[in-house]
**Q** 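Below you'll find the structure I mean.
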Amino acid sequence: QDVEAAVSWLADHAATYDINPTKIALWGGSAGATLAVETGIAMARSKGPHVAATVGWSGGYDFRDVRGASQHSLEFVRDYLGCDPTMPSCSSQATMASAALNVAHGDPPAFLANSTHEQVPGVPLYQLKDLARAFSRAHVPSGQLIMPGSRHAVEYTNTAYCPTVRFLERHLGLLPDTCL
């Protein structure tokens, strides 16, 4: 809700800051990736402004699927959701917060990045792959960058930054060559 409110505020004040309100993108890493992609999907169904693109680096996108999660990673998920995703009483909260379970045609394009073997907090690669399949089934443009190793989110900025920017240039109609 806070991210949606921030996007709405930015769109409402676009003229003040000389920005195009139809080209707002959300970009986050780790929990921020989860929030960016989920917010873009949620706002696509709202009557307010829409997000033009989203970027998620090392995000969790399906909180009903916690297979293989370490106890430490489950603690992050519990803190994020406010409930235990392995309990039936948390099912609706986990579903609502899971971008991969809510993708629909018309959602904003998304760029997703992840390492193959991320460490703590550890986002398993299947989270990216499941969301990418959901985007494909809904005919939502998406791009993926899967890097070898165990780096998490900002730890792979040097590798992921330019591919991310090129994706945004293509989907937002920005001038190319920010990254040469």
Side-chain angles (χ1 to χ4, degrees), residues 1-4 6-7 10 23-46 49-67 69 73 76-77 79-81 85 94-172 174 178-179:
Q1 293 167 334
D2 289 342
V3 179
E4 288 180 30
V7 171
L10 189 58
K23 294 189 180 195
I24 296 172
L26 298 177
W27 181 342
S30 197
T34 304
L35 289 169
V37 175
E38 189 279 325
T39 300
I41 289 170
M43 293 190 85
R45 289 150 192 67
S46 74
H50 291 201
V51 172
T54 62
V55 174
W57 287 4
S58 300
Y61 307 114
D62 184 350
F63 294 111
R64 294 193 51 192
D65 185 353
V66 292
R67 64 186 135 128
S73 292
F76 279 104
V77 173
D79 288 345
Y80 184 82
L81 292 176
T95 299
M96 188 172 57
S98 296
L101 304 178
N102 296 299
V103 172
H105 185 71
D107 287 344
F111 185 82
L112 309 171
N114 218 91
S115 292
T116 54
H117 297 92
E118 293 199 13
Q119 301 300 311
V120 174
V123 177
L125 185 57
Y126 71 78
Q127 290 283 324
L128 176 148
K129 290 181 175 184
D130 291 351
L131 181 56
R133 274 192 294 277
F135 282 134
S136 179
R137 283 191 301 270
H139 304 286
V140 173
S142 69
Q144 297 86 42
L145 177 62
I146 299 170
M147 297 152 286
S150 60
R151 295 173 296 163
H152 178 73
V154 298
E155 294 173 340
Y156 52 68
T157 298
N158 289 344
T159 304
Y161 181 78
C162 283
T164 302
V165 168
R166 284 191 286 274
F167 179 88
L168 292 172
E169 287 171 344
R170 278 192 313 276
H171 290 280
L172 297 178
L174 303 176
T178 303
C179 284

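In this text the structure is predicted, and so the values were computed from the model without any measurement. Count residues from 1 along the sequence.
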**Q** In chain order, what residues pass the side chain to side chain contact (heavy atoms under 4.5 Å, CB included) check against L145, with sequence neighbours excluded?
**A**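 Partners of L145 by the side chain to side chain contact (heavy atoms under 4.5 Å, CB included) criterion, ordered by chain and then number, come out as F111, A113, M147, A160, P163.
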**Q** Just jot down the salt bridge (Lys or Arg N to Asp or Glu O under 4.0 Å) partners of D130, sequence neighbours excluded, or say none.
**A**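 D130: salt bridge (Lys or Arg N to Asp or Glu O under 4.0 Å) contacts with R67, R133.
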**Q** Going by the rule side chain to side chain donor-acceptor pair (under 3.5 Å), which residues pair with S115 if we only count those two or more places apart in sequence or in a different chain?
**A**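 Side chain to side chain donor-acceptor pair (under 3.5 Å) list for S115, sorted by chain: empty.
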**Q** Mind checking side chain to side chain contact (heavy atoms under 4.5 Å, CB included) for H171 and listing every partner two or more places apart, or none if nothing turns up?
**A**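 For H171, the residues satisfying side chain to side chain contact (heavy atoms under 4.5 Å, CB included) (neighbours in sequence not counted) are P109, P141, F167.
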**Q** Tell me every residue that passes side chain to side chain contact (heavy atoms under 4.5 Å, CB included) with S136, counting only those two or more places apart in sequence or in another chain.
**A**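 S136 satisfies side chain to side chain contact (heavy atoms under 4.5 Å, CB included) with no residue once adjacent residues are dropped.
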**Q** Does D79, at its CG atom, have more than 12 non-hydrogen atoms belonging to other residues, nucleotides or ligands within less than 6.0 Å?
**A**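 Result for CG/D79: enclosed.
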**Q** Kindly give the heavy-atom pair with the smallest separation between G59 and V123, and that separation in Å.
**A**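 The pair with the smallest heavy-atom distance is O-CG1, 3.0 Å.
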**Q** Could you list the residues that satisfy ring pair (Phe, Tyr, Trp, His ring centres under 6.0 Å) with Y126, not counting sequence neighbours?
**A**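 Checked Y126 against ring pair (Phe, Tyr, Trp, His ring centres under 6.0 Å); zero matches.
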**Q** Could you tell me whether the side chain of T54 and the main chain of A36 form a donor-acceptor pair under 3.5 Å?
**A**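 It does not hold such a pair.
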**Q** Dump the intermediate steps for side chain to side chain contact (heavy atoms under 4.5 Å, CB included) on I41 and Y61, then the final yes or no.
**A** CA-CA 12 Å; I41 289 170; Y61 307 114; over 6 Å; no
**Q** Looking at CG of L112 and CD of Q127, how far apart are the two atoms once the value is rounded to the nearest 0.5 Å?
**A**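 Here the interatomic distance stands at 11.0 Å.
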**Q** Closest heavy-atom contact between S30 and H152?
**A**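 That closest heavy-atom pairing would be OG-NE2, 2.8 Å.
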**Q** Work out which heavy atom in A134 is nearest to a heavy atom in A100; give both atom names and the distance.
**A**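 Closest heavy-atom pair between A134 and A100: CB-O, 3.6 Å.
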**Q** Applying side chain to side chain contact (heavy atoms under 4.5 Å, CB included), can you list everything that pairs with A52, at least two apart in sequence or on another chain?
**A**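 With neighbours one apart ignored, the set is L172.
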**Q** For S58, check side chain to side chain donor-acceptor pair (under 3.5 Å) against everything at least two apart and list the hits.
**A**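 Listed in chain order: E118, Y156.
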**Q** Keeping the roles fixed (side chain from T39, backbone from E4), state whether a donor-acceptor pair exists under 3.5 Å.
**A**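 Judged by distance alone, no pair lies under 3.5 Å.
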**Q** Do other residues, nucleotides or ligands put more than 12 heavy atoms under 6.0 Å from the OH atom of Y161?
**A**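 Atom OH in Y161 is not crowded, with 12 or fewer foreign heavy atoms closer than 6.0 Å.
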**Q** If you take all heavy atoms of T164 and W57, which pair is closest and at what distance?
**A**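 Here T164 and W57 meet closest at OG1-NE1, 3.1 Å.
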**Q** Partners of R137 by salt bridge (Lys or Arg N to Asp or Glu O under 4.0 Å), sequence neighbours excluded?
**A**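 Salt bridge (Lys or Arg N to Asp or Glu O under 4.0 Å) check on R137 returns nothing, list empty.
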**Q** May I have all residue pairs that pass salt bridge (Lys or Arg N to Asp or Glu O under 4.0 Å) and include part of residues 30-45, sequence neighbours excluded?
**A**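 The answer is R45-D107.
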**Q** Just to verify, what does T95 make a side chain to side chain donor-acceptor pair (under 3.5 Å) with, not counting sequence neighbours?
**A**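 Counting only residues at least two positions away or on another chain, T95 forms a side chain to side chain donor-acceptor pair (under 3.5 Å) with R64.
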**Q** Could you walk me through whether V103 and L131 pass side chain to side chain contact (heavy atoms under 4.5 Å, CB included), step by step?
**A** CA-CA 8 Å; V103 172; L131 181 56; 3.7 Å; yes
**Q** What are the two closest non-hydrogen atoms of V7 and M43, and how far apart are they?
**A**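 Residues V7 and M43, closest heavy atoms: CG1-CE, 3.7 Å.
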**Q** To the nearest 0.5 Å, what is the distance between OG1 on T116 and CZ on R151?
**A**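 Interatomic distance, T116 OG1 to R151 CZ, rounded to 0.5 Å: 9.5 Å.
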**Q** N114 and K129: side chain to side chain contact (heavy atoms under 4.5 Å, CB included), yes or no, with the steps?
**A** CA-CA 10 Å; N114 218 91; K129 290 181 175 184; over 6 Å; no
**Q** If you compare all heavy atoms of A25 against all heavy atoms of L168, which two are closest, and at what distance to 0.1 Å?
**A**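 Closest heavy-atom pair between A25 and L168: CB-CD2, 4.1 Å.
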